[in-house]
Peer 1: 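One structure is given below, represented as structure tokens, and several questions about it will come after.
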Amino acid sequence: MLDEWAIAPSPLPYLSASCSHPTPLSSIWKFPGQRLNLFHNSDLSCCSDDAESLTCCATRELCLSISSCQAPNTPTALQSGTSGSKPITLHLKSSRLIDLCAIWDAGVFLPAAVAAAWKGAPSGVPRRRLNEAETLSSVQKAQLQRLEAARPRGPGSGDRGPVPRMARQQPPPWVHAAILFSLLSLSTAIEIPMDLSQPPTITKQSVKDHIVDPRDNILIECEAKGNPAPSFHWTRNSRFFNIAKDPRVSMRRRSGTLVIDFRSGGRPEEYEGEYQCFARNKFGTALSNRIRLQVSKSPLWPKENLDPVVVQEGAPLTLQCNPPPGLPSPVIFWMSSSMEPITQDKRVSQGHNGDLYFSNVMLQDMQTDYSCNARFHFTHTIQQKNPFNLKVLTNHPYNDSSLRNHPDMYSARGVAERTPSFMYPQGTASSQMVLRGMDLLLECIASGVPTPDIAWYKKGGDLPSDKAKLENFNKALRITNVSEEDSGEYFCLASNKMGSIRHTISVRVKAAPYWLDEPKNLILAPGEDGRLVCRANGNPKPTVQWMVNGEPLQSAPPNPNREVAGDTIIFRDTQISSRAVYQCNTSNEHGYLLANAFVSVLDVPPRMLSPRNQLIRVILYNRTRLDCPFFGSPIPTLRWFKNGQGSNLDGGNYHVYENGSLEIKMIRKEDQGIYTCVATNILGKAENQVRLEVKDPTRIYRMPEDQVAQRGTTVQLECRVKHDPSLKLTVSWLKDDEPLYIGNRMKKEEDSLTIFGVAERDQGSYTCVASTELDQDLAKAYLTVLGRPDRPRDLELTDLAERSVRLTWIPGDDNNSPITDYVVQFEEDQFQPGVWHDHSKFPGSVNSAVLQLSPYVNYQFRVIAINEVGSSHPSLPSERYRTSGAPPESNPSDVKGEGTRKNNMEITWTPMNATSAFGPNLRYIVKWRRRETRETWNNVTVWGSRYVVGQTPVYVPYEIRVQAENDFGKGPEPDTVIGYSGEDYPRAAPTDVKIRVLNSTAISLQWNRVYSDTVQGQLREYRAYYWRESSLLKNLWVSQKRQQAGFPGDRLRGVVSRLFPYSNYKLEMVVVNGRGDGPRSETKEFTTPEGVPSAPRRFRVRQPNLETINLEWDHPEHPNGILIGYTLKYVAFNGTKVGKQIVENFSPNQTKFTVQRADPVSRYRFSLSARTQVGSGEAVTEESPAPPNEAYTNNQADIATQGWFIGLMCAIALLVLILLIVCFIKRSRGGKYPVREKKDVPLGPEDPKEEDGSFDYSDEDNKPLQGSQTSLDGTIKQQESDDSLVDYGEGGEGQFNEDGSFIGQYTVKKDKEETEGNESSEATSPVNAIYSLA
């Protein structure tokens, strides 16, 4: 459908459009002999084509926004006529027109009807009033009124400024359209105050098709306002409905709402029909819509017996639902009779008509039955149809679940492949009609093997991407909010590897009536002219009928001031008697529209309808509206002023609407202030003020980020916000768009949310909401929790055989970490009941496996899923399966023969488990004989796992065999194993032991081997026992604990290491077999030479001041010889700078050393080692401590050496000494000093005083200072640190801080005699004396 537009003749037309294909527009829009300026409406980017002189123009008043633009290769999108004295006619291919504007002085771009109306208008026509005769829609009126008042603006006036922070994403075009229309609608928002006389207006009514629940009372709403208050009456089926005659029907007080009560009985169906409400007062009558009342129905499903449905595997199938007709229609869904939902996919799916379609049937489809369910909305009931049972005929009777994932599943099961064919709709073509504004649903369901894929296309164009949606596995195409441009031919294409087929659907769009210009209330002053316009469109074209006060206009009394011209009523020289309510009814075969519009004639001076001096706060860069509702008749003119300035606010960043509202398109800081609105008509003037405050927006500048976390870990989501400090900020969190409950595992802080011990239930989207009373900002992040998989379920055993079974399971949720493996475990109830053993392991991609089984085992299986996080809980066990018995196929393993005593041999083996027993009464045949004697075999039957042969010679080899046997027979012939009888202690010791010293810590040994018959068993090793007898150093205690060194096998030499140097040792050797040690050899003595010492002990580095460093250490724990001295190496370093290394050597008795620092800033690294004649031993390393305040020290190091600083310190010391002397002189004369009542309580301002602020001392003031350890000229006794100060008295904790200031308090000790009297005789310290002067 093509909409026709016109451009009024002008030298320079302006046109603006949003187009996703900005170039080359010259192939689409051509204007011969004229220059066309274009710019992009959304972001002000320019479209240009130098070849056609197309440039960018940022100067605009209004714009044309098109929802979508045709691609440049479709030049039919716009076609131009010829330019000349006549308007240029443009034909726009069907597009959604959001707004239409232009600059009047430069050329008007208007609908053709508007251009025609303006064609004959004289230049300089005055601005029309709201009640002036019009033939235009409300949108067009607003456009024309803005065009009359338009004036050129400077470049950039159309810039909308920064987008508010709240708009995280660019809003779609319809958002701008909605804002635009809501602002345009303000031009019709003027209403008569309720304290003035006015005709009735319907304010609330029920919907046209009113369906009610038969279990509830019926409510038909009708409310109206007016002055005087209107009265109400109803018609039913176009006849007067007498409410008083029906006791069940009542009308609400001060309302026209009908209430039909069924508590005392009655059938709601008796009240079905068409109702209409009339609201009347002395100025006229208003009508409601014709309300069709219907009672909801949910009929029962008819009884029927359904035979099993027999179908060949691979064939298509349709299970028909045929639900009972309900009102409204029920919602259909399919389930099994056990209320399990039917899994749907592209092969099996439900159609829009409720039937269940199988594109091809598989054997697995008969594992359940199929029942159609209908849910009725009003009664909240679900009715279930008798279930269908499927019987699938197949060439492959086994339901091998492994074939479901087979790349060619159908051929693997012997199903023939077929080309697609349509199951719905039938044939190759069909048609469908849809009403404008409704949803269009097109559906194509196809059969075929393999299952076909469905694709959708529109003939001659693309599918509307902004409102087209594919549903039901691409089998349905839904187009929302259908318009005329959606009509045409659509086709669906069904294809598989065997071929394709298409079905064409012809779509016709019809339309119920919809408003182009709805009649609005007309407010006139006596003698004014006006008009009511009722213009609607539809398909077919609707007819228009006028009524007045509910009666046809033709039958109303004649009115010389009224003239009817089709869809318009013109009023001239109106008087008070012209007040009435007019109804416009426009209808076609698809519906109707009914509108009330009253004509009110009033003489009222201007009045303000809102509270005075309002405060409005708004966020920076937002669009805002300052309301100034007013009324008057004649309609007043309204002007706005800011901060008392004389210029009227309209244009640029401001726009004034006819209802009194001032729109500020983009708030800036300078827009803050006081705004005054003034309404004026011929009867007077009224004004009001609004104070506007501009606030900074709320912004989340650090947003939470998507995170992936394992279960049990801690997650922190950041949300840092910047906001206007005058507004109260509230930060809250949402989880999955619902308010988040902050439990014990969560901690909400000012700028973050912490979740401790993350669990699976914590997964989801988290939204940080930072809000003030004016705005808010949102930021969202998604938390993915990796957890162990859920346990597999529904274990099933199939394909049962003697030695195998197929185990199938349903995987559990992988909890966001893919399953890598499945472990199948089994348990048997004969040998180890309740104990689970691993059977096999399979990849995580399978859920069915064939398990190899052993005979005579009562199996029970379970499955464990494994992912990177861990293992799932085991599944519930499967049913048991017992295999039949058989003779053993193997013998016990790990057969051994060893003696536990010198005259026996114990034969042991690992018993066979349940899976290798193969039958009941498992036992073992044990055979043995001496090796190489060829004597007969001894044998015995054993049910355990050991047998002891007695009375054997010492350490003799035996041949051993162990064979398994059960009730089904013997196992295979066993292998022969060599065992030995028991051992005895060796009878000889190594001889000719020789020792050679290798170094200070190791020796070499050599000996002669013993004869083999003396070993009396298996030779394990030769062993040396040695101990430290003494040290060559005098008075050094040593441990004489015996130590040993073993030399395995038949060896003749070895090395003993880790000896102590400079020591005397003794050594003995023995032979060792499995029974133990033999006799000891003769004792040998040897001495180790001198070695290097161990590290010095307790190396301490102390720094008493900034000039020196004290080093102390202790002698090494192990001198390992005679010490000849110590070596100290040290180096100064400061950051990355390292000084020259200095080496100091000390005598063996020196354990202290003082280092003079070169500077107070550098630190030192020390390395100390001890020496013997052999050399230096292990070194110990330490560093000097860092200064307490390096920064302060570094900055002040040079100050301490300055002369002025030394002089200042001397002056301060002298002043302190003078003060101390003055204090003692005053004290000796009986002065008054503040005294603390209790010992160890610091003197404070709260201490009790006499009027002059002090206490008198008694005669005992002349006693010497008690408990003092220093005199006035005495020295301070050094305690632990050179930087501390000894307390005066006992128990003091006073000391100097690192910067020299005094910290702590002094305490004193009283004499024992002070408790004998009432006097206070505290020993006074110098510091107390200073305090007393304060």
Side-chain angles (χ1 to χ4, degrees), residues 902 955 983-1097 1114-1124 1148 1169-1179:
K902 65 180 181 179
Y955 201 65
E983 299 176 86
D984 200 355
Y985 293 108
R987 291 186 285 111
T991 58
D992 194 18
V993 177
K994 297 179 181 180
I995 298 175
R996 183 168 61 92
V997 177
L998 300 178
N999 53 45
S1000 61
T1001 61
I1003 61 171
S1004 172
L1005 293 177
Q1006 187 174 347
W1007 61 89
N1008 292 334
R1009 65 165 54 92
V1010 297
Y1011 294 105
S1012 59
D1013 58 343
T1014 64
V1015 178
Q1016 299 195 103
Q1018 183 181 4
L1019 176 63
R1020 298 290 180 87
E1021 66 180 9
Y1022 288 93
R1023 183 177 297 167
Y1025 288 97
Y1026 61 94
W1027 61 95
R1028 189 182 184 190
E1029 187 71 20
S1030 63
S1031 172
L1032 296 180
L1033 293 174
K1034 295 182 179 180
N1035 302 324
L1036 181 63
W1037 179 87
V1038 297
S1039 172
Q1040 296 184 347
K1041 180 180 177 181
R1042 283 177 176 259
Q1043 295 175 289
Q1044 66 183 37
F1047 309 100
D1050 189 12
R1051 299 173 57 181
L1052 298 178
R1053 60 178 55 85
V1055 175
V1056 178
S1057 59
R1058 304 185 66 180
L1059 301 175
F1060 284 99
Y1062 213 53
S1063 300
N1064 295 317
Y1065 277 90
K1066 291 184 177 181
L1067 179 143
E1068 298 172 342
M1069 292 198 68
V1070 297
V1071 177
V1072 182
N1073 64 10
R1075 189 72 184 275
D1077 293 357
R1080 282 172 166 71
S1081 68
E1082 63 175 328
T1083 303
K1084 298 288 184 176
E1085 295 184 357
F1086 64 92
T1087 300
T1088 56
E1090 193 174 8
V1092 297
S1094 62
R1097 293 179 297 169
D1114 293 343
H1115 295 299
E1117 182 179 4
H1118 302 290
N1120 295 335
I1122 299 174
L1123 291 180
I1124 63 173
S1169 61
R1171 304 191 313 275
T1172 63
Q1173 292 292 347
V1174 178
S1176 296
E1178 180 185 357

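Predicted model, so just to flag it, every value in this text is computed and none were measured.
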Peer 1: For Gln1016, does its backbone N or O pair with a side-chain atom of Asp1013 as donor and acceptor, under 3.5 Å?
Peer 2: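 Not at all, since once roles are kept as given, no pair shorter than 3.5 Å links the two residues.
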
Peer 1: Would you confirm whether Glu1117, through its side chain, and Ser1094, through its main-chain N or O, come within 3.5 Å as a donor-acceptor pair?
Peer 2: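 No; zero donor-acceptor contacts below 3.5 Å.
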
Peer 1: How far does CG of Leu1019 sit from CZ of Arg1051, to the nearest 0.5 angstrom?
Peer 2: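 So the gap between those two atoms works out to 11.5 Å.
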
Peer 1: For Arg1042, what residues pass the salt bridge (charged side-chain N to carboxylate O under 4.0 Å, His left out) criterion, not counting sequence neighbours?
Peer 2: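 With sequence neighbours excluded, Arg1042 shows a salt bridge (charged side-chain N to carboxylate O under 4.0 Å, His left out) to Glu1068, given in chain and number order.
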
Peer 1: Tell me whether the rings of Tyr1065 and Phe1086 are parallel (<30°), tilted (30 to 60°) or perpendicular (>60°).
Peer 2: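 Tyr1065 vs Phe1086 ring planes: parallel.
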
Peer 1: How long is the straight-line distance from CE of Met1069 back to CG of Leu1005, given to the nearest 0.5 Å?
Peer 2: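 Rounded to the nearest 0.5 Å, the CG-CE separation comes to 6.0 Å.
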
Peer 1: So which atom in Val1038 and which in Arg1028 form the shortest heavy-atom distance, rounded to 0.1 Å?
Peer 2: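 The pair with the smallest heavy-atom distance is CG1-CZ, 3.4 Å.
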
Peer 1: Tell me if the CD atom of Glu1082 is crowded by more than 12 foreign heavy atoms within 6.0 Å.
Peer 2: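 Open.
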
Peer 1: For Thr1014 and Ser1012, indicate whether the former's side chain and the latter's backbone hold a donor-acceptor pair under 3.5 Å.
Peer 2: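 No, Thr1014 side chain to Ser1012 backbone: no donor-acceptor pair under 3.5 Å.
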
Peer 1: Could you walk me through whether Leu1059 and Tyr1026 satisfy the side chain to side chain contact (heavy atoms under 4.5 Å, CB included) test, starting with their C-alpha distance in whole Å, then the side-chain angles of each, then the deciding distance to 0.1 Å, before giving a yes or no?
Peer 2: CA-CA 10 Å; Leu1059 301 175; Tyr1026 61 94; 3.6 Å; yes

Peer 1: How long is the span from the CD atom in Gln1040 to the CD atom in Glu1029, to the nearest 0.5 Å?
Peer 2: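 Answer rounded to 0.5 Å: 5.0 Å.
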
Peer 1: For the residue pair Val1072 and Pro986, establish whether any side-chain heavy-atom pair is separated by less than 4.5 Å.
Peer 2: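 No - every pair of side-chain heavy atoms lies 4.5 Å or more apart.
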
Peer 1: Can you tell if the side chain of Pro990 reaches within under 4.5 Å of the side chain of Val1071, non-hydrogen atoms only?
Peer 2: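 Answer yes - side chains close enough.
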
Peer 1: Run Gln1018 and Tyr955 through side chain to side chain contact (heavy atoms under 4.5 Å, CB included) and show every step you take.
Peer 2: CA-CA 8 Å; Gln1018 183 181 4; Tyr955 201 65; 3.1 Å; yes

Peer 1: Check whether Asn1073 reaches the backbone of Val1015 with its side chain - one donor and one acceptor, N or O, closer than 3.5 Å.
Peer 2: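 Flag set: sc Asn1073 to bb Val1015 pair under 3.5 Å.
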
Peer 1: For Thr1172 and Asn1120, what are the C-alpha separation, side-chain angles and deciding distance, and is it a side chain to side chain contact (heavy atoms under 4.5 Å, CB included)?
Peer 2: CA-CA 8 Å; Thr1172 63; Asn1120 295 335; 5.8 Å; no

Peer 1: Side chains of Leu998 and Ile1003, heavy atoms from C-beta outward: is any pair under 4.5 Å?
Peer 2: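 Heavy-atom side-chain distance check fails, nothing below 4.5 Å.
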
Peer 1: Flag yes if more than 12 heavy atoms outside Arg1097 fall under 6.0 Å of its CZ atom; otherwise flag no.
Peer 2: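 More than 12 heavy atoms, drawn from other residues, nucleotides or ligands, come within 6.0 Å of this atom.
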
Peer 1: Work out which heavy atom in Val1092 is nearest to a heavy atom in Gly1177; give both atom names and the distance.
Peer 2: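 Result for this residue pair: CB-CA, 4.0 Å.
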
Peer 1: Run the salt bridge (charged side-chain N to carboxylate O under 4.0 Å, His left out) test against Arg1023 and tell me which residues pass, sequence neighbours left out.
Peer 2: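 Partners of Arg1023 by the salt bridge (charged side-chain N to carboxylate O under 4.0 Å, His left out) criterion, ordered by chain and then number, come out as Glu1021, Asp1077.
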
Peer 1: By salt bridge (charged side-chain N to carboxylate O under 4.0 Å, His left out), which residues pair with Arg1053, not counting sequence neighbours?
Peer 2: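 So Arg1053 forms no salt bridge (charged side-chain N to carboxylate O under 4.0 Å, His left out) with any residue.
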
Peer 1: Just wondering, do Ser1176 and Arg1171 contact through their side chains at under 4.5 Å, heavy atoms?
Peer 2: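 The answer is yes; the side chains approach within 4.5 Å.
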
Peer 1: Closest approach of Val1056 and Ala1045, non-hydrogen atoms and distance?
Peer 2: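 Closest pair (atom of Val1056, atom of Ala1045, distance): CG2-CB, 4.2 Å.
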
Peer 1: Can you name the nearest heavy-atom pair linking Gly1049 to Tyr1022, along with the distance?
Peer 2: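 Closest approach of Gly1049 to Tyr1022, heavy atoms only: O-CD1, 3.7 Å.
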
Peer 1: When you look at Asn1064 and Leu1032, which way does the side chain to side chain contact (heavy atoms under 4.5 Å, CB included) test go after all the steps?
Peer 2: CA-CA 7 Å; Asn1064 295 317; Leu1032 296 180; 3.7 Å; yes

Peer 1: NZ of Lys1084: more than 12 outside heavy atoms within 6.0 angstrom?
Peer 2: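 Above 12, so yes.
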
Peer 1: Within this structure, what is the NZ-CG distance for the pair Lys994 and Leu1052, rounded to the nearest 0.5 Å?
Peer 2: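 It comes to 11.5 Å.
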
Peer 1: Kindly compute the distance separating CZ (Arg1009) from CG (Asp1050), expressed to the nearest 0.5 Å.
Peer 2: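 One gets 4.5 Å once the value is rounded to the nearest 0.5 Å.
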
Peer 1: Between Pro1089 and Ser1000, which heavy-atom pair has the shortest distance, and what is it?
Peer 2: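 Result for this residue pair: O-CB, 3.4 Å.
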
Peer 1: For the atom pair CZ (Arg1080) and CG (Leu1067), what is the distance rounded to the nearest 0.5 Å?
Peer 2: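 Between atom CZ of Arg1080 and atom CG of Leu1067 there are 11.0 Å.
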
Peer 1: Would you check if Tyr1025 and Thr1083 make a side-chain contact, meaning some heavy-atom pair closer than 4.5 Å?
Peer 2: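 No, their side chains stay 4.5 Å or more apart.
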
Peer 1: State, to 0.1 Å, how close Ala989 and Pro1079 come at their nearest heavy-atom pair, and which atoms those are.
Peer 2: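 Scanning both residues completely, I find the closest heavy atoms to be CB-O, 3.1 Å.
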
